[in-house]
Amino acid sequence: MILSMLLVPRLAILLLISFYDGTSAARRRQATQGYRLPDSIVPRKYTVEILTNLEENNFNFQGNVLIKMQCVKPTNKIILHSKNLEIMEDNVNLKQVSAVNETSDVPITAHSYSKENDFYIVMLGQKLVPGSTYLYYIPFKGELSEGLAGYYRSSYYDKTANKTKWLAVTQFESTDARRAFPCFDEPAMKATFAISLGHAKKLKAISNMPLRESKPLPKKPNWVLDRFEETVPMSTYLVAFMVSEFEFSEAPKQNTNVTFRIWARKEAIDQVELAKETGPKVLAYFSKYFDIDYPLPKQDMAAIPDFNAGAMENWGLITYRETALLYDPKSSSIFNKHRIASVISHELAHQWFGNLVTMKWWTDLWLNEGFATYVGALGVHHVFPEWKSLDATSIGDLLTVFSLDALTASHPVSVPIGHPSEIEQIFDTISYKKGSYLIRMMNMFLGEDVFQKSVSNYLKKHRYSNAAQDDLWNALTQEAQAVGVLPPNITVKMIMDTWTVQTGYPLVTVTRDYQKKTVTVRQERYLSSAIGGNKNTGSEDACWWVPLSYTTSKDLKFNDTRPKYWLTCDGPITFDTDLTENDWMLFNVKAAGLFRVDYDDENWRLLEASLADENSFSKIDPLNRVQIITDVLGLAWIGKLKYPTVFEILQYLKHEPEYLPWKTAMSSLGEIKEMLRRSPIYGYFKRFIKDLTEPNYKKFRSITNLPDDFEGIKMHTLIVTWSCVSGVAACEEETLNLFKSWYNDPNPDESNPIPKDLRSVVYCQALKVGGEKYWEFLWERYQRSNVATEQQLILSSLGCVQELWLLQRYLTWSIDPSKIRKQDSATVFSSVASNEVGYTVAKEFFKSQFTNIRSYHDTKSSRLGRYIKSLAYQITSDAELAEFQSFLNSVRSQLKESEISMRQGIETALNNIAWHSLHYDTLSSYFGNN
């Protein structure tokens, strides 16, 4: 029977979700004992000496660490972290320091290791005495791997020297300092660090602090030992050092004594001017904003050729991917410029939020990442106010969170972390973007003055120490109550715990009684799986303290974001208004809160009429036009509004001049595009998009005539991109002609006629029709380019080609480090998987090469989450889902670190299938008739 055949695979998927939930919970329960270090000993100071060998075929390091530590509780053993290090046990020793600084040996009776927890354990012949100080000496050796974690090696080709050059650099967050030297590798165990680095004399070394002295190494000719100043107290994951042939460019002093330098390979040092300009200004801004001076004497920033993250906030030595730090005015787009400024600002914000004050445990990672994301946007706005990027960044965060956090498989902002192997999974949208948006929401309902002063007080109270989210709530509450923003019976904790310790966000439903002039407001959790009224177990009791701000067509007060009411867990609220039946209401002024809004039919009709009127739509603030668009499309997804109705509302975009409403609409329509692009009605959908975008496209004299301002460029690029996607003939012709002119240029590496802000769409469009000759041309440009942002763009574009064999070869190259850097492997896979014809190729490649892919990423299966999502998010049929489930089930033991990604991917696929079942026939009929 057809019905049973369709239901069985979906049941299997639901069982798989249950399996992963149960497995994860079981692992947490099993790990609750023993994965944390005991609290019997605390480190006070590390003296670390490491000699780095960067000779070909001999990449290793050796060193020793002397840990000054204090006993807090009696113990006869010392447990700390060490991973993939060879410890010379015979030379390990422990000494007790007396009151007059004399030392006496403490006997060590045994050495052991716990691989599961990365523990190195020594048993002692006597118990350590509380209050006493000890010196623990450990010599060790290690390999400089290419795994992008711990102390690892990276390479680049030096064209001038005509040879490959190597560097050694650290990446310790979250738990990889233990790969470089034995240590107490938990964020709350802060200490100072005195780093010494030995290396060949031709190389340069940098670390968190300034260089104190450099001396020859007697037993190693042409080697030196660089000793650096002692750090302030900090967590192990913020320690950093690098040995390389890099050069630096120093920024002029900005009314401060802080030395600011940008490091890069010699051939790219001319691309650091943007960082030199932006970094010192942002650092000075944050010193003033937080009312706390930057505590270190210098700030280095380095562009690393191979880097797993986007950037890392190591105190005094921030490391970046080249794409996140280096900017070439000739090749890098305004989008690249904004991203670089944003990443720089984000990492510098961390010097206070995360470095000066650190979370006690990774459960509150969002205190680091959410704050750095929000405050980082403030730093960009301060340096580049002409970009008007603050609202755009916030809306970008909102749209991303609305999508991911609508899944039952999402997770809280403050997420319980058991075993450290679970940490890497929460470096995601929820910690960064939801955390940031919640902080923006607090700012909106508390006010900037209260918010800024509270944050400063929090940082001052906990500087050089650790804190939890309740410490922040206390600081905010004290100031808010002191000035009367919150009454004595309401605390920030009461409000914000509902947002940070539970998953999801609310759908607020507003129902007006037009005769009685009353409004009733209620809430429920918005779930993308609630398609067609489907109820989801576990969401019935979800509720939030929702700040209800609103305005009306009578008053149009769009600058007042303070809540007029709080919608709490006590149930719906009803209040009176003075509105007539012709007046609309609009809740959530300036999208100040993280929630969707649904209205009764009449209020929706009034809002639709106001938008449709070219003379009145602009009376609604652009951010609330954004809110309306994302709300109606979100409501249509779950069946609360009909898509034909929503599409009629979106017709107003034809007279919408602002970028953000367009971005919001096209973002959600892009999700529908993914649902339909392998269906028979995809052509109809493209005609709908074409009808929407072509009027704006026709306003361009030429696509090469870009506006001068950032907002204008973003709008121009968006319209061109979607016009080409939807088949506007003029767009396809112009983009192809542009690429041909570059292709036919005898010196294509010296000049590129394609506007740098349009290269993404032009490259992709050309490859769709140009085939192998254009692919090979662009691949050669990738190999020859010295600009990382251009290389990244080319890598993403190469996946647009339609020839299956080229896509297959490209995927094979993605796990060949001689072709494509390991850091870019998942980017290549995603670019192919997002191609209409590449999806099947990518799926089969992932299945057939799973073992090689996993091995290539050093068995860190959390990195495979991107692969899984790239495929699962495009599944639209039960048969596809059953096939994917069968494969995941066969390799589930190898994907323990990707459980969250798997659950999210599977749930999204289920939602896609349910969406098709509910909406496909309606859309087919609508597009067919229009």
Side-chain angles (χ1 to χ4, degrees), residues 46 48-55 59-63 142-156 158 164-173 176-177 179-181 193-212 214 223-229 231 234 236-250 259-269 272 275 279 296 298-322 324-326 344 347 351 355 788 821 823:
Y46 293 82
V48 183
E49 182 177 291
I50 293 179
L51 306 185
T52 302
N53 194 333
L54 281 172
E55 296 299 321
F59 299 107
N60 58 58
F61 61 94
Q62 63 184 40
E143 296 296 322
L144 287 170
S145 74
E146 294 181 274
L148 310 184
Y151 192 33
Y152 70 95
R153 73 181 191 266
S154 173
S155 67
Y156 59 96
D158 186 325
T164 297
K165 292 191 173 179
W166 294 89
L167 64 139
V169 68
T170 57
Q171 171 55 35
F172 289 165
E173 192 176 32
D176 286 319
R179 293 175 182 261
F181 58 94
F193 295 82
I195 308 291
S196 297
L197 300 174
H199 55 84
K201 191 174 182 179
K202 65 179 181 179
L203 304 174
K204 307 181 187 76
I206 52 176
S207 186
N208 303 85
M209 297 295 286
L211 180 66
R212 189 180 75 194
S214 185
W223 276 56
V224 295
L225 183 69
D226 291 339
R227 298 190 185 278
F228 298 89
E229 301 287 351
T231 72
M234 65 188 208
T236 49
Y237 78 88
L238 295 169
V239 175
F241 37 88
M242 181 175 76
V243 175
S244 71
E245 290 188 48
F246 278 13
E247 297 189 351
F248 72 84
S249 181
E250 185 172 335
T259 299
F260 212 109
R261 301 181 299 183
I262 317 297
W263 294 77
R265 51 190 172 82
K266 182 178 180 180
E267 289 179 310
I269 198 67
V272 305
L296 303 187
K298 65 96 174 178
Q299 178 63 72
D300 284 321
M301 302 199 299
I304 312 301
D306 297 287
F307 200 69
N308 188 46
M312 177 58 210
E313 67 268 18
N314 314 299
W315 217 348
L317 172 53
I318 304 174
T319 45
Y320 297 79
R321 279 196 185 199
E322 288 193 343
L325 187 65
L326 303 181
I344 289 172
E347 302 308 325
Q351 309 304 296
N355 298 11
R821 293 186 183 275
Q823 66 178 13

Original post:
Just wondering, do M209 and I195 contact through their side chains at under 4.5 Å, heavy atoms?
Top reply: no
**OP:** Taking E267 for its side chain and I269 for its backbone only, find out whether a donor-acceptor pair lies under 3.5 Å.
**Re:** no
Original post:
Does A240 offer a backbone N or O that forms a donor-acceptor pair with the side chain of N208 under 3.5 Å?
Top reply: yes
Original post:
Per the side-chain hydrogen bond (donor to acceptor under 3.5 Å, both in side chains) rule, which among R265, R821, Q823 passes with E322?
Top reply: R265
Subject >> Any I206 side-chain heavy atom under 4.5 Å of F248 side chain >> reply: no
**OP:** Please confirm whether the backbone N or O of R179 pairs with a side-chain atom of D176, one donor and one acceptor, at under 3.5 Å?
**Re:** no
**OP:** Give a yes or no answer on whether the side chain of R321 reaches the backbone of A311 with a donor-acceptor pair at less than 3.5 Å.
**Re:** no
Original post:
Heavy-atom distance under 4.5 Å between the side chains of V272 and L325, does that happen here?
Top reply: no
**OP:** For residues S207 and T231, determine if any side-chain heavy atom of one lies less than 4.5 Å from a side-chain heavy atom of the other.
**Re:** no
**OP:** Flag the pair T170 / M242 as yes when at least one side-chain heavy-atom distance between them is below 4.5 Å, and no otherwise.
**Re:** no
Original post:
Are any non-hydrogen side-chain atoms of L238 and F193 less than 4.5 angstrom apart?
Top reply: no
**OP:** Measure the spacing between CG of L51 and CG of N60 and express it to the nearest 0.5 Å.
**Re:** 10.0 Å
Original post:
Going by heavy atoms in the side chains, are L54 and F59 under 4.5 Å from each other?
Top reply: yes
Original post:
Using 30° and 60° as the class limits, which term best fits the ring planes of F172 and F181: parallel, tilted or perpendicular?
Top reply: perpendicular
Subject >> Nearest heavy atoms of Y156 and F246, plus distance in Å >> reply: CE2-CE1, 3.7 Å
Original post:
So, does R212 use its side chain to make a donor-acceptor pair with the main chain of R227 at under 3.5 Å?
Top reply: no
**OP:** Calculate, to the nearest 0.5 Å, the distance between atoms CZ and NZ belonging to F260 and K298 respectively.
**Re:** 10.5 Å
**OP:** Please check if the side chain of N355 supplies one atom and the backbone of E313 the other of a donor-acceptor pair under 3.5 Å.
**Re:** yes
Original post:
Can you name the closest pair of heavy atoms from V224 and S214 and give their distance?
Top reply: CB-OG, 3.8 Å
Subject >> Side chains of Q299 and Q351 in contact at under 4.5 Å (non-hydrogen atoms) >> reply: yes
Subject >> Heavy-atom donor-acceptor pair, Y152 side chain to D306 backbone, under 3.5 Å >> reply: yes
**OP:** Scan side-chain atoms only and decide if Y46 and T236 contain a donor-acceptor pair under the 3.5 Å cut-off.
**Re:** no
**OP:** Give, for atom CZ of F228 and atom OG of S196, the distance between the pair rounded to the nearest 0.5 Å.
**Re:** 8.0 Å
